Engineer: 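Before I ask anything, here is the structure I am working with.
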Amino acid sequence: MYQEIILDHYKHPHGKGLTEPFDAEVHHVNPTCGDEITLRVKTSADGLIAISYDNQGCSISQASASIMFDQINGVTFAAGEQAVDHLVLMLQREVSPDEDILGDGIALEGVAQYPARVKCALLAWMAWKDAAIQASSKGEAK
Amino acid sequence: MYQEIILDHYKHPHGKGLTEPFDAEVHHVNPTCGDEITLRVKTSADGLIAISYDNQGCSISQASASIMFDQINGVTFAAGEQAVDHLVLMLQREVSPDEDILGDGIALEGVAQYPARVKCALLAWMAWKDAAIQASSKGEAK
Amino acid sequence: MAPLDVTAIKRDFPIFNRTVRDGRRLVYLDSGATSQKPVQVLDAEREFYEKHNAAVHRGAHQLAEEATDAFEHARLNIAGFIGAKADDLVFTKNATEAINLVAYSFLNATLKFSRGKDLPDGAERFVLAEGDEIVVSEMEHHANLIPWQELADKTGAVLRWIGLTDDGRLDESTYANVITNRTKIVSVTHQSNLLGSVTDLAPIVKAARAVGALVLLDACQSVPHMPVDVSELGVDFIAWSGHKMLGPLGIGCLWGKSEILAAMPPFITGGSMIETVHMESSTFALPPKRFEAGVPMAAQAVGLSAAVDYLNRIGMAAVAAHEHDLTQAVLRELAEIDGVRIIGPKDSTNRGSAISFVLDGLHPHDVGQILDENGVAVRVGHHCAWPVCRRYSVPATTRATFYIYNDMEDVQALADGIRSAKKFFGV
Amino acid sequence: MAPLDVTAIKRDFPIFNRTVRDGRRLVYLDSGATSQKPVQVLDAEREFYEKHNAAVHRGAHQLAEEATDAFEHARLNIAGFIGAKADDLVFTKNATEAINLVAYSFLNATLKFSRGKDLPDGAERFVLAEGDEIVVSEMEHHANLIPWQELADKTGAVLRWIGLTDDGRLDESTYANVITNRTKIVSVTHQSNLLGSVTDLAPIVKAARAVGALVLLDACQSVPHMPVDVSELGVDFIAWSGHKMLGPLGIGCLWGKSEILAAMPPFITGGSMIETVHMESSTFALPPKRFEAGVPMAAQAVGLSAAVDYLNRIGMAAVAAHEHDLTQAVLRELAEIDGVRIIGPKDSTNRGSAISFVLDGLHPHDVGQILDENGVAVRVGHHCAWPVCRRYSVPATTRATFYIYNDMEDVQALADGIRSAKKFFGV
Ligand SMILES: Cc1ncc(COP(=O)(O)O)c(C=O)c1O
Ligand SMILES: Cc1ncc(COP(=O)(O)O)c(C=O)c1O
């Protein structure tokens, strides 16, 4: 599970730190272990979603957030959602990892063997999905 | 358990039927099977307690009421209580039956082997004790 | 459908290796109270303890993962048995707790609402106003009566009930009267544990739906004995116990529609049902966890899952057909004994195998005792359905109930036992 | 006192025949969550099912009698283990239900009182007025916190709590402030499941008594680990779980003083807890039956009784002494590892064997994972005591807990595992 690449992301996370302005902010928690993430999104005129986040938690949850930032910061909702869905399926062992979609995220495949850690790997990505949906519904409301 | 003498009391119960006047009346129920007894007591000036009762239920509870009537109708509280206590101990197999105290009640000894029936055998006697105590506390209150 | 191979089935149940009352064959006719357990169920439970025991949903070590997997697989399997999704199945200690859980949802929603506290979306359906009505029937087991009496007592709601016909069925002619615009929930049995009658669901569900009431079905005597598919019942909840369907003691089930469970505030609270906890206040997990506070009965869930596998191998349609044959035989045999009066439907249509009767001139306790002495285990008393006894003016009944390990020989043993009781007491 | 023969004890626990994570020895340090079960307990439960299984307190046949005997004998034996009478011991599904039972007694008494409904004599003690106070501590397990939050939310009572000192103990200096004339119940843990600290009972009982409040003790982490005699504690209730003391899952216990239990209205209602039942209303049995609605977990009670026998053979003083030795050793070993910080008392006085720690620069999840890969099963997270983590400003801890089957080798395995986690992550 602890591949070199995961430990790298954990020790040197990408994109950590909250920025302004933002369209939506969410706070997600893993109730069994107290891992937390605050995540903000800002959608540009052409529909690309910028991410900022701050988090605390285990190596898997932190590395996964860093990988998420690399993969889906500044992409469209559709592209981001595709990545999240693929990650979920990979962690349920229902698809084999696709590097084009997940980038370094394919290194998280080993987490699937540890059900208690799957939530750690998903935390940031689920927060992104939640925030992105909130931002887009706000957009519509306007 | 079903000795001849018990079946006799069951088929030809002694003293069944409520009478007036009375000092106290109680109604006891065995919640698992619905056996019921209504029992009245009337204490005379010299402290002897007359019993009347009406009941419905199984052979054991009816026979036991009839035996109770034979044994403790018209005795003092102390004598009645001694009989009740002896019956309880016998049914818990803690004393061997004393015919002087229980009369035909010694035939109930076999009931001790059937814990679910012990309550049937005790129903009338417990009702008597309850009623006698109520009557005496009323007497004191006067 | 092939008839059950009762001889082979019996071999799976260790208890039939013993005898009762001085060497008599055990004729177990008390499965309505609790069923016997096959070795497959006992082995599954034991294997959990010997190989995978840990507190589920709590650890990150291998045993905890295996235990959690086993527990959640059991949930999926048991839910599948009634045509449900895993997430809509809540484990309780017995059916009684399951029904109380729903009754207390009303109480808790009502109290929190009146104090302006947080409630889940949709909880309005569980908020009672003074004079709102709760409907049960006169044939309910105490487990589906007293929780509602208590709810009424504590909220000012009114308990109403559907009466019974002389032949032991819900009196449908009274539905229109009893189920009104004030009715918030209708909670009835799927099969009476005393009378054996099976409820015709369509009319009662229709009446409840017409006034927007929720419907809870007490399925304690149906899920173990016949195919039950919640997607076809049209009700909002079903509650039943594991121990009456070959499963271990100490586990019951509540199934509810997803959106209805989601709308309910918690009942028993504590660990594992939370989202966040502060000293000041807490928020709660989604169902089913919201309703499963504390370390759950994982071994029992695994045992119950093995029971489901066992029943699936036989097939629930075959189980029902087998019991139907036995029911017909018992009704026929008992009709031939003078002085026997069946309390409940006298023919086998829409009827399960719980058969209650009284014997003229003899108290059920005495009938049961003589049967017991002949090795025939029946239940005597009011069977936790005292109002039914009152309705039919009997102090109690003798009840024989049948399951997959019973056969025609057992029916004969019952009839013979009743005859010897009559002879013994001279009635 | 002779030291425990851990090698012999281990042989009684089938789970130690297995290995974890590719053939490693199982070092089970998660007994605080649930203990492993000896073969004696598994055999007792199985024998009940194979020989005596029936619904207890319900039948008049031989199996029902035997089952009832076994169940009530178990009650007597388990009650004896804590110095209590059988009639004062209520079986629940777990400790969580036991604590909820008491919390709901307050709710139900309050509601019935306000509507003028029947209540048992003495129930006034359970009637809450707006502004009455409930006291817990900041070190409670969620099971002894959320039920009281909920009770306050539903009644207008106020929840107050005793704070903690920096070294992980109840802050006695605040008792006078927190426990007031409005306090109706003080509910605290006997031993913290996260910190390991053992409560000094005398001062808190004295403060509660002075204002006439009831006292409930969460004994989940004390009854399994030290001699507990309710006649000496001075409290009104204790609640604990069977599964943490070698017993089966699915059974918990509430002990209460006779006259206090007698004053409580029922919680979960249904069969077997009644005296008479009419459609309009019902009356209830005496304790403990009043609180045991539905078919109870008889097999689990029999299993728990065998667990009690097992512990009695070892002797609870010897169990406590053994754990004390291990605790000292762990504290000593961990003190030698750079970057380990104990959350809880750092010395072994008045302290049980639950040892929580954090490792600088490393999240507990990662520590637990490396330990798991070394075969060492610990728990990571907030251990259902989230406010304690907040109090000590840690997101979570790694927790090792010890029992009779653990020895110095296990302590060493823990220390080695922590060292390899440090090395692996380079902290
Ligand atoms: C101190 C304490 N209280 C309460 C509980 C709850 O016990 P259970 O989950 O068995 O109900 C536990 C254990 O989980 C505990 O350690
Ligand atoms: C129809 C019915 N409802 C409810 C119950 C209660 O089930 P349990 O006692 O397992 O909670 C029973 C059985 O006892 C039953 O037959």
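Side chains included, hydrogens not; waters and symmetry mates left out as well; all remaining heavy atoms used. No experiment lies behind these values; they were computed from the predicted model shown.
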Engineer: Kindly compute the distance separating SG (Cys58(B)) from CG (Leu362(C)), expressed to the nearest 0.5 Å.
Structural biologist: 10.0 Å
Engineer: Which pair of heavy atoms, one from Gly361(C) and one from Tyr10(B), lies closest together, and at what distance?
Structural biologist: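 In terms of heavy atoms, the two residues are closest at O-OH, 3.4 Å.
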Engineer: Rounded to the nearest 0.5 Å, what's the gap from NE2 on His363(C) to SG on Cys120(B)? Could you check?
Structural biologist: 7.5 Å
Engineer: Say you draw a straight line from CD of Gln62(B) to NE2 of His365(C); how long is it, rounded to the nearest 0.5 Å?
Structural biologist: 13.0 Å
Engineer: Do Asp366(C) and Arg117(B) meet the salt-bridge criterion of a basic N to acidic O distance under 4.0 Å?
Structural biologist: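 Looking at Asp366(C) together with Arg117(B), the answer is yes, because their closest N to O distance falls below 4.0 Å.
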Engineer: What is the ring orientation for Tyr2(B) with Phe424(C), classed by angle as parallel under 30°, tilted 30 to 60°, or perpendicular over 60°?
Structural biologist: tilted
